[in-house]
Amino acid sequence: MKTQSVTLPIFTSAGQFVARYSENGLVELDFPKVGSARRADRTPQRGVPTIPATIRKWHRATAAALKNILAGRLPGKLPPLDLSNGTMFQRKVWNTLRKIARGQTKSYGEIARAIGRPKAVRAVGGACGANPIPVLVPCHRVLAANGKVGGFSGGLNWKRELLAREGVSL
DNA sequence: CATCCAGTATATA
DNA sequence: TATATACTGGATG
């Protein structure tokens, strides 16, 4: 069963992000492709399926939230997030991540304790890496306990950049 | 300070 | 089944 999904671009000062939606909400958000802040290929005008009004509404919310965050502001209203593709464990982790306030950071260990698996810190790292919606689900606010930045699927530059825009100094 | 190890959930081979 | 992770905390040299 291939859930039909819609992929839409978001143009920001930092490049073109790509958001993907299912019938249940935002499924995935991708960073701009490296080095191509230039004009991306336009989706062919012909043959573009009609985009449901619901999804356009979600997309506006996503774009607004993303731009707010990049501007160092609170994201504001978010679209529904469709995390049904993740495991129970991952969803629990992602849900916990969303509770980290802007400008705050947590360690992988703290996340692990928060979900009642204090020793599953490594697994938490894995769940963060599998996070399909970076920025809106702030995996970039999770640092290693010894002050290291850790890793980031979108590239460490992004992690540092996002933190910097939130006023977090490493 | 450098290594190693256990414990954990997942992914991949 | 074995190995490797975006890890941590403790043990050991």
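In the text below, chain A, chain B and the rest are named by the order of the sequence lines, each starting its count at 1. The basis for the numbers below is simple: all heavy atoms, side chains too, and nothing from hydrogens, waters or symmetry mates.
Nearest nucleotide to the Ala123(A) side chain, out of dA6(C), dT8(B), dT10(B): dT8(B). Nearest to the side-chain atoms of Phe89(A) among the listed nucleotides dA6(C), dT10(B), dT8(C) stands dT10(B). Minimum atom distance to the side chain of Gln90(A) is reached by dT10(B), of the listed dT8(B), dA6(C), dT10(B). The side chain of Phe152(A) sits closest to dA6(C) out of dT8(B), dA6(C), dT8(C). Of the candidates dT5(C), dA6(C), dT8(C), the closest approach to any side-chain atom of Ala144(A) belongs to dT8(C).
Ring geometry, Phe31(A) versus Phe17(A): the interplanar angle falls from 30° to 60°, so the pair is classed tilted.
Put simply, the side chain of Trp94(A) does not reach to within 4.5 Å of the side chain of Cys139(A), judged on heavy atoms. Looking at Leu81(A) and Ile133(A), their side chains come closer than 4.5 Å, going by heavy atoms from C-beta outward. Residues Gln104(A) and Glu166(A) form no side-chain contact, since every pair of their non-hydrogen atoms from C-beta on lies 4.5 Å or further apart.
dA6(C) and dA13(B) have their P atoms separated by 15 Å, given to the nearest Å. Of the P atoms belonging to dT3(C) and dC4(B), the separation is 16 Å, rounded to the nearest Å.
Crowding of Arg102(A) atom CZ: a count of heavy atoms from other residues, nucleotides or ligands under 6.0 Å exceeding 12.
We find that CD1 of Ile115(A) is positioned 15 Å from P of dC7(C), with the value rounded to whole Å. Atom CD1 of Ile111(A) is separated from atom P of dA6(C) by 17 Å (rounded to the nearest Å). Distance CG (Leu97(A)) to C1' (dA6(C)): 12 Å, rounded to an integer number of Å. In this structure, Leu143(A) atom CG and dA6(C) atom P are separated by 16 Å, rounded to whole Å. Asn85(A) places its CG atom 15 Å from the C1' atom of dA11(B), with the value rounded to the nearest Å. Look at CZ on Arg122(A): it is 14 Å from P on dG9(C), rounded to the nearest Å. Across the protein-nucleic acid pair, Asn146(A) atom CG and dC1(B) atom P stand 11 Å apart, rounded to whole Å. Whole-Å rounding puts the Leu163(A) CG to dA6(C) P distance at 18 Å.
Residue Thr87(A) is in sugar-phosphate contact alone, with no base atom involved, counting any heavy-atom pair closer than 4.0 Å across all strands shown. Arg117(A) comes within 4.0 angstrom of sugar-phosphate atoms only, judged by non-hydrogen atoms across all strands, and of no base. Using a 4.0 Å heavy-atom criterion, one finds that Gly129(A) contacts the bases of the nucleic acid, with or without backbone contacts as well.
dT8(C) is paired with dA6(B) under the Watson-Crick or G-U wobble criterion, all donor-acceptor distances under 3.5 Å.
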